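Please read the structure below before turning to the comments.
Predicted, not measured: the structure shown is a model, and the values here were computed from it. Numbered from 1 within each chain, the chains take letters A, B, ... in sequence-line order.
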Protein chains: 2
Amino acid sequence: MNPNFDTIGKQFVEQYYSVFDQKEIRGQVAIMYHPTDALLTFEGQQFQGVDAIAEKMKTIPLDNMMRQITTIDCQPTMDGGVLVNVIGQLKNSAENDKPLGFSQTFVLKPANNSFFIFHDIFRLVIHNM
Amino acid sequence: MNPNFDTIGKQFVEQYYSVFDQKEIRGQVAIMYHPTDALLTFEGQQFQGVDAIAEKMKTIPLDNMMRQITTIDCQPTMDGGVLVNVIGQLKNSAENDKPLGFSQTFVLKPANNSFFIFHDIFRLVIHNM
């Protein structure tokens, strides 16, 4: 197990959102995903591989969102990777809408002296109770 | 990858909470965790192995909580396991408190014709924005 899992996970989260949250360059997050094996589940929709994920990124309707991260929890995996769970909020900066909670789970695995995203599950936390 | 990942993940979630949500038998969820390698991160506190996890279970202050699951997302892992992310709400049935959102992420892996929990990250979704 990688003893630096916590640092790796938190640095990854910072790097990922610094790209994702700029709509002009959002598509560049695709290179962080494993080319063929990466799985993305976005609001219940499933995508596999960089090409399908890059296509999906283009359609995500988050234009002027402000992101606030509440918590980042990391665990080391047996194969030297990192499981990361992020809780936070997204708010449309152009409107006075109520901020929406989100939960995003990543699994990172080492390859070629770097880490690739193998798993990504994103959900807005919206309940009807 | 296990083609039945979605069924396995959802049946696991049902089974897990059916035990966890009964305070008298909550400790029995411990047998679902891998004896030595299971990692639990509960509200930022980390525990490893069944003994430490079972001890923690005894102290969780959820006596009369009603659970409502909002979404369950599952992905297959390369080693035949399942990544599961659950979003839901917990409400204290004895009071009129507002329900609290939660996010829980599990990684299940096959062993001895069954599945063990290797990773569990639990967070109440509470923001201060």
A:Glu14 atom CD, over 12 foreign heavy atoms within 6.0 Å:
no
Okay, B:Asp79 and chain A: the region with an atom under 4.5 Å from a heavy atom over there is neither
Between the CD atom in A:Gln45 and the CG atom in B:Asp73, the distance rounded to the nearest 0.5 Å is 11.0 Å
Against B:Ser103, only a single residue in A:Val86, A:Val125, A:Thr105, A:Asn85 fulfils side chain to side chain contact (heavy atoms under 4.5 Å, CB included); can you say which?
A:Asn85
Connected via hydrophobic side-chain network under 4.5 Å: A:Ile53 and A:Phe102
yes
Supply the atom-to-atom distance B:Leu83 CG to A:His119 NE2, rounded to the nearest 0.5 angstrom.
6.0 Å
Is it possible for you to say whether A:Phe118 and A:Phe12 belong to one hydrophobic cluster, with membership spreading through side-chain heavy-atom contacts below 4.5 Å?
no
Enter the distance from A:Gln46:CD to B:Asp6:CG here, rounded to the nearest 0.5 Å.
7.0 Å
Determine, stepwise, if the pair A:Ile126 / B:Ile87 fulfils side chain to side chain contact (heavy atoms under 4.5 Å, CB included).
CA-CA 9 Å; A:Ile126 300 172; B:Ile87 304 284; over 6 Å; no
Portion of A:Thr71 that has a non-hydrogen atom of chain B nearer than 4.5 angstrom
side chain
Could you give the distance from CD (B:Gln75) to CG (A:Asp120), rounded to the nearest 0.5 Å?
7.5 Å
Where on A:Leu40 is there a heavy atom nearer than 4.5 Å to chain B: the side chain, the backbone, both, or neither?
backbone
Are B:Ile8 and B:Tyr16 connected in the hydrophobic side-chain network, where two residues link if heavy atoms are under 4.5 Å apart?
yes
Is atom CG of B:Leu100 surrounded by more than 12 heavy atoms (other residues, nucleotides or ligands) closer than 6.0 Å?
yes
When hydrophobic residues are tied together by side-chain contacts of less than 4.5 Å, even through go-betweens, does B:Ile72 share a cluster with A:Ile121?
no
With the 4.5 Å side-chain cut-off for hydrophobic clustering, are B:Val82 and B:Met1 part of the same group?
no
Less than 4.5 Å apart, side chain to side chain, heavy atoms only: is that true for A:Pro76 and B:Leu39?
yes
Given heavy-atom pairs under 4.5 angstrom as the criterion, report whether the side chain, backbone, both or neither of B:Leu124 touches chain A.
neither
Non-hydrogen atoms of B:Met78 and A:Asp37 that approach each other most closely
CE-OD2, 3.4 Å
